[in-house]
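Presented below is the structure to which this report refers.
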Amino acid sequence: MLRKPQEESQIMSRELKYFQAINEAIDLCMTKDATVYIMGLGVPDPKGIFGSTLGLQQKYGSARVMDMPASENAMTGVAIGSALAGMRPIITHQRVDFALLAVEQIVNQAANWHYMFGGQMRIPLVLRMIIGRGWGQGPQHSQNLQAWFAHVPGLKVVMPTTPYDAKGLLVSSIEDNNPVIFIEHRWLYNTIGHVPEEVYRVPLGKARVTRDGNDVTIAATSYMVLEALRAAEMLATDGISAEVIDIRTLRPLDESLILESVGKTGRLIVADTGWKTGGFSAEIVTLVAEEAFSDLKNCPMRVTLPDCPTPTTPALANHYYPRAVHIVATARKMMGLSVDKIVSDMATSVPLDVPDLSFTGPF
Amino acid sequence: MLRKPQEESQIMSRELKYFQAINEAIDLCMTKDATVYIMGLGVPDPKGIFGSTLGLQQKYGSARVMDMPASENAMTGVAIGSALAGMRPIITHQRVDFALLAVEQIVNQAANWHYMFGGQMRIPLVLRMIIGRGWGQGPQHSQNLQAWFAHVPGLKVVMPTTPYDAKGLLVSSIEDNNPVIFIEHRWLYNTIGHVPEEVYRVPLGKARVTRDGNDVTIAATSYMVLEALRAAEMLATDGISAEVIDIRTLRPLDESLILESVGKTGRLIVADTGWKTGGFSAEIVTLVAEEAFSDLKNCPMRVTLPDCPTPTTPALANHYYPRAVHIVATARKMMGLSVDKIVSDMATSVPLDVPDLSFTGPF
Amino acid sequence: MDNLELPKETYKSIYKTMLRIRMVEEKIAELYPEQEMRCPVHLCIGQEAVAAGVCANLSRNDYVMSGHRSHGHYLAKGGDLKAMMAELYGKATGCCQGKGGSMHLVDLSAGFLGATPIVASTIPIAVGVAFGSMMRGQQRVTVIFFGDAAVEEGVFHESINFAVLKRLPVIFVCENNLYSVYSPLSVRQPEGREIVELAKGHGVESYQGDGNDVTQVYKMAEKAIRRARQGGGPTFLEFKTYRWREHCGPYYDNDLGYRTESEFQEWKQRCPIENLKKNLLRDDILCNQDIEDMASELEAEIEDAIIFAKESPFPEEQHLLEHIYAP
Amino acid sequence: MDNLELPKETYKSIYKTMLRIRMVEEKIAELYPEQEMRCPVHLCIGQEAVAAGVCANLSRNDYVMSGHRSHGHYLAKGGDLKAMMAELYGKATGCCQGKGGSMHLVDLSAGFLGATPIVASTIPIAVGVAFGSMMRGQQRVTVIFFGDAAVEEGVFHESINFAVLKRLPVIFVCENNLYSVYSPLSVRQPEGREIVELAKGHGVESYQGDGNDVTQVYKMAEKAIRRARQGGGPTFLEFKTYRWREHCGPYYDNDLGYRTESEFQEWKQRCPIENLKKNLLRDDILCNQDIEDMASELEAEIEDAIIFAKESPFPEEQHLLEHIYAP
Ligand SMILES: Cc1ncc(C[n+]2csc(CCOP(=O)(O)OP(=O)(O)O)c2C)c(N)n1
Ligand SMILES: Cc1ncc(C[n+]2csc(CCOP(=O)(O)OP(=O)(O)O)c2C)c(N)n1
Ligand SMILES: [Mg+2]
Ligand SMILES: [Mg+2]
């Protein structure tokens, strides 16, 4: 048996970046299970998928850490087939937009095999998909399609925010016997956080209260959790106590944690990295509306991308991505406070097409 | 100018089946506009896509009414390209499940071209997709993925229920300068209704009140409108007055009609042919929760498929598809009435894997 | 080919396999109108030699996968008949517990790893099975059966490219029956460009043969499978053949006009089973009595399977939400 | 090829096209670190002969489409330089009003019908353009440019099958620069299987040539385009060439180790522009002064375009929600 992981709240000494946490999860899983392998365009290349696969081919060889042809559809089928033959594949798509070529395999095949063959087959398969953002990625390199996958029975959908969760959720995903869509946000790769050295697991299907609060619940996905935390700070200065929930797993969804929080706060804001209409944010709002209607003091609200493709120019990107101020404004409205000051804050001169100033393009 | 269409409520003499209405829409559009053409697997075949394309090749020739290779992805691109060259293509997928091969073209390309090229290009393109059901179609031939398409900016998504709307919405879709996902439900093809002979249009983006009521709004899509109407009849015998809304266009959504209705009834049930989690039903619930929260007397509710793949055996299909009784039970619960009797009605001996007894398989 | 070049025992067993497929499917055709098999069925009557000739070269450990028209492949690979019939009847005793129906067959113990009805979609999966079994150091060969429309799907090309790149032990078997549903090759693929040429473009060993001549099928498959087992990589085999009945369902449909009665009659003359039988009788490998015995043995087996299927219970409501996730 | 077989005027204009592409991209590389072009850029320096040699055979009415590495194709087809530079700078005056960036270029008046950066994804669209223009009875040829990775995508095969089936006036031009990002051909395609063979499998006229020799490119394209115009259907052309700089961005990256410095130097020796220049000088088609004049003319044009781009206004907030639907 593996050692019990140190609690996150304990010794915070060892810090890793998000991409290193992912790298470590893959590394550890490959060490302990010879059936784990990883493939994808650029997996063994010098940049190693934003660093997340660096060094793996040197360590495990090119049979287990492999590049592949630009054939997203077939290679997803290949991964599925290899899983049937007893392997545990990880396949990496550098953009979710490229993975669209593979949805037939993912949705018709991977998601259904266990069910439609009466429980006899299983497909342990991790599909890493990166959601891009910024620096002119534009309409075909930065879509956030988690809502699609979260709609499909048989799939699990994970969106880790912190390095700690990235590692723990990826270990759980690799060990899971089902196809798991593992969505990584481009802007999280260089964020830093505590990550224990050993193998540990963060269970799939569990959300996490990232910050306690009483007045309003902000349920957020991926990068929007960071904006939600910033918003919570700002709200605190106005005496509004926001509870921030990191959804972490979109499917299966941790319904009870969300309902419990709203039971306490009576208010819900959902902050998602995707588009508004038909987005995953709608599922969370609907869950609460159906199951905790009488707890709600106000209408629940979404903070999401507007319903348009990603514009490439930074001039429009600056108006495209919702930020902490948008969450603050929403929360203040719910609390009956004025939003005038906030709205004037929205006009920002900080470039919003880079995660931090170390980022100088081009990808 | 074309004649103004006769109002639906007027002379109801001329009746057509749904598949004939679609056929007639295509026929009339091909007559009046030489750039309209249709292609798809089996379009000119002896069964003519459940009758909807019968006779067209004889009338317009094989250059405008064509079969195609089993290459859904490329052929969607071909349709897009031909639109750029000035044609108005209609492409037909016999199952939405097959169209999954084409989502890269649909989502990355068709949906984005107008926007990402700064409004210079337009892609008038109708993508007919059939959602299957029944007779053991099973997990790969009967998925209802309207929620996917309705999530994507730049696409329009239409799901006609009646023959009248099928014709009028298809004419509008063919004349529209954007990619339109036109979703036809297999079980509607033999339904009959009034259809005027002339060219008329049902505008995209407009829902329709199919039955007036005061106590509860049932917003439904496609085949579920018929179940909703049955439910409304049943509810009426208990003195509950249900308003039934046929959503008709999922994107752009007719928000005001829905909000108006809920403003009157204070109660919302959404009945959709798709899965529950992350389904389009969640968008409608969320719309109402965000915009008309204070109108709501009860929590809104969804009546949808359960969150599992389509089982093939009729024994399980009988428990898979929600019916009028499920809507009735939901409405009665909302009204505070007992549902015991209803639940016992749910066990049915009628086969639910056929639309009517004339259907004897195999497709 | 009129020469019987294979060992007698091989012929006997191949003949029986073909006859079994034929008789099973004729029984399905006979009973389908009862409306108890409530799922689409794609019969392979007329095409049995491909399944039988290829699979006769495989051991139980080898893998076979297929698409929508898979009954023959399932049976030729040793799939359980009762479980298949029960599946067609939607029963809990079916090979997918009723959740799959005719279009989704599987028999893990026979190495029939699965069939699903999206055109070409199991091709990459089969390539992946070969890839996985190679990674696991197993000496197994994977055969994937598909039709002439499947080569129009891009994923076929992507799959074959990868198989050649990695020299995978996988055999691509294309059953070219000239039609995709009602659509002849002429509206789907360039005239005069043989399917086998497409495969050759990928640099894969590729052969074309008469799919109604089981000796030819057997020998081409034998060579391909031997090469794959020896690490020689994939082979592509195209077999021309013909489906007798409608694309989907139990009936004949030549009256629809998408193909001519005379084309059908020509192919019927080339019945793989009748022709083999003639030769087996001619060469005294089997006598009429043997064949009658075989047929009645099969008839009894099929009767049993039907009774089993009809008498088996349906799955219960609580099974609906079972098996969504693997534990 | 050292013989200058084309008319002098053709060479002059081709040379200028190549030089213009080179100088534009070198200017982009120079200015990119200023961080004002805030979008990924894929430079084609080293590959200019393909764009120039092919497009020299096209008229304004013909169509060109491309993928992520499209600057050269856009310029060679006559795309507006100012609009392109403004697009890279994200300005309202850009060819997509800033909404596209370097990876989405278009110039309708020049017949450059669009480039988008999903590998192979514009191939079927270009085939569709050819199909549409054929249906409309236009005598136009469509050229689609793509890289060596694009032939690994299934949609390439689906597209070429359809183009052959319908004898469409479309030319497939594969710029085989040996790499897909950092991945050499060896990890993606079978050794010894030339890309041109893949195309031949489809029964399409297919030729391979030296992409750094603009005479060869021109002549092969000329023949293909003439055939297409005469109703002879599609042609596939593979040109071997080499990208000098990093896959995406302004720098050199041979230090990363995915390719050798010596490989790069060999290809650099084969610079399509330098080599043509040498021959033009040798044969007195141009003299040094001509070339200097050309360069300074281009420099001024490029300077203008940069000023235009830099000084142009950004789009405003209200443009964000514009153009979602076409009216
Ligand atoms: C991707 C996809 N497109 C279309 C279909 C509909 N379809 C089912 S079977 C079939 C015919 C396939 O023809 P072929 O591959 O020649 O096999 P055959 O039926 O002749 O055995 C088609 C088009 C499908 N199942 N999947
Ligand atoms: C479908 C898809 N997969 C992956 C990518 C990422 N990507 C962008 S450019 C590129 C390389 C393409 O190589 P090639 O076709 O040879 O063109 P080159 O860059 O060499 O000109 C890749 C893999 C993409 N844009 N689209
Ligand atoms: Mg066929
Ligand atoms: Mg390349």
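Numbered from 1 within each chain, the chains take letters A, B, ... in sequence-line order.
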Among residues 36-47 of chain A, those lying within the under-4.5 Å heavy-atom range of chain D are Gly42(A), Asp45(A), Pro46(A), Lys47(A)
Output for pair (Lys99(D) NZ, Thr310(A) OG1), nearest 0.5 Å, gives 12.0 Å
Most heavy-atom pairs under 4.5 Å with chain A, out of Leu185(D), Val155(D), Val119(D), Val187(D), belong to Val187(D)
Max heavy-atom pairs within cutoff under 4.5 Å with chain A, candidates Leu321(D), Thr116(D), Val151(D), goes to Thr116(D)
Closest non-hydrogen atoms of Trp135(A) and Pro40(D), given as atom of the first, atom of the second and distance, are O-CD, 3.3 Å
Heavy-atom closest pair (Ala149(D) atom, Ala70(A) atom, distance to 0.1 Å) is O-CB, 3.8 Å
Bottom line for His42(D): the part with an atom under 4.5 Å from chain A's heavy atoms is side chain
The interface call for Ser183(D) against chain A, heavy-atom contacts under 4.5 Å, is both
Review point. Taking Thr313(A) for the side chain and Gly98(D) for the main chain, is one N or O donor matched with an acceptor at less than 3.5 Å?
Key: no
dist Met68(A):CE -> Glu152(D):CD (nearest 0.5 Å) comes out at 9.5 Å
Interatomic distance, CD@Glu153(D) vs CG@Asn73(A), rounded to 0.5 Å, equals 9.0 Å
If you tally heavy-atom pairs under 4.5 Å between each of Gly138(A), Pro314(A), Ala74(A) and chain D, the highest tally belongs to Pro314(A)
Minimal heavy-atom distance between Met103(D) and Gly136(A), with the atoms involved, is CE-O, 4.3 Å
Okay, Ile324(D) and chain A: the region with an atom under 4.5 Å from a heavy atom over there is side chain
Residues of residues 89-110 of chain A with a heavy atom under 4.5 Å from any heavy atom of chain D, in residue-number order, are Asp97(A), Phe98(A), Leu101(A)
d(Glu316(D) CD, His319(A) NE2) to nearest 0.5 Å is 7.5 Å
The reported gap from SG in Cys308(A) to NE2 in His323(D) (rounded to nearest 0.5 angstrom) is 11.5 Å
Rounding to 0.5 Å, atoms NE2 (His319(D)) and CG (Leu316(A)) come to a distance of 8.0 Å
Ranking Gly100(D), Ser102(D), Cys96(D) by heavy-atom pairs under 4.5 Å to chain A gives rank one to Gly100(D)
Tell me if the CD atom of Glu34(D) is crowded by more than 12 foreign heavy atoms within 6.0 Å. yes
Heavy-atom closest pair (Arg38(D) atom, Asp353(A) atom, distance to 0.1 Å) is NE-OD2, 2.7 Å
